[in-house]
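See below for the structure under consideration.
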Amino acid sequence: MSDHEVAALCLEEERVLVSNNAGDFFKLTSASGLHPGLVILPLGSRVQEVEWMRLAIATIEEHAAAAAATPADWMINTVVEVAEDGSCQTFEYP
C-alpha cells in the first residue's frame with residue numbers, strides 16, 4: 001500500500017500509525033485535522049525496532065495513566081517519537 005493508503009486506513013479504522021517515515025506521515029496526518037496518533041521509530045534491526053516499540057508503548061501507557069485516560073484517548077493528535085538511544089519524546093500534532 002502507498003503511504004497515503006496506509007494513513008487513510010489508519011484514520012478510517014482509528015488505529016495509531018507506526019512508521020519509520022516521519023516526514024510523509026506528518027503531512028498526511030496534518031491534513032486530517034484529527035488523527036488517532038502517530039508513533040515514529042528509528043530505522044533499525046528487527047530486534048531494535050521491537051525494543052523501541054516496547055518503549056513507545058510503555059511511554060503511552062505512563063502518560064495515559066497520569067492523565068487518567070485510556071491509551072487510545074491519550075494518543076489522539078499525539079506523536080510519540082523514539083530516538084535511537086531509546087528516549088521518547090511526545091508532542092501534539094497538528
Run the side-chain donor-acceptor check on residues 53-64: report pairs under 3.5 Å with partners two or more places apart or on a different chain.
unit_1, atom_1, unit_2, atom_2, d
Arg54, NE, Glu51, OE1, 3.1
Arg54, NE, Glu51, OE2, 3.4
Arg54, NH2, Glu51, OE2, 2.5
Thr59, OG1, Leu55, O, 3.0

Partners meeting salt bridge (Lys or Arg N to Asp or Glu O under 4.0 Å) with Glu5 (sequence neighbours left out): none

In Å, rounded to the nearest 0.5 Å, how long is the span from OG of Ser19 to CG of Leu41? 8.0 Å

Of all residues at least two apart in sequence or in a different chain, which pass the side-chain hydrogen bond (donor to acceptor under 3.5 Å, both in side chains) check with Gln48? Ser45

Members sharing Leu11's hydrophobic cluster (side chains within less than 4.5 Å): none

Taking ring pair (Phe, Tyr, Trp, His ring centres under 6.0 Å) as the cut-off, I'd like each qualifying pair that reaches into residues 27-59, sequence neighbours left out, listed once. none

Contacts of Ala8 that satisfy side-chain contact (heavy atoms from CB on, under 4.5 Å) - sequence neighbours left out: none

Compile the donor-acceptor pairs under 3.5 Å between side chains in residues 79-93 and protein atoms, sequence neighbours left out, one pair per line.
unit_1, atom_1, unit_2, atom_2, d
Asp85, OD1, Ser87, N, 2.8
Asp85, OD1, Ser87, OG, 2.6
Tyr93, OH, Phe26, O, 3.2

Results of side-chain contact (heavy atoms from CB on, under 4.5 Å) for Glu13 - residues two or more places apart only: Leu9, Arg15

Would you kindly confirm whether Trp74 and Val39 end up in one hydrophobic cluster when ILVMFWY residues are joined by side chain heavy atoms under 4.5 Å apart? yes

Going by heavy atoms in the side chains, are Leu17 and Val6 under 4.5 Å from each other? yes

For Val16 versus Pro36, what's the shortest heavy-atom pair and its separation? CG2-O, 3.2 Å

Which residues share a side-chain hydrogen bond (donor to acceptor under 3.5 Å, both in side chains) with Asp3, sequence neighbours left out: Asn21

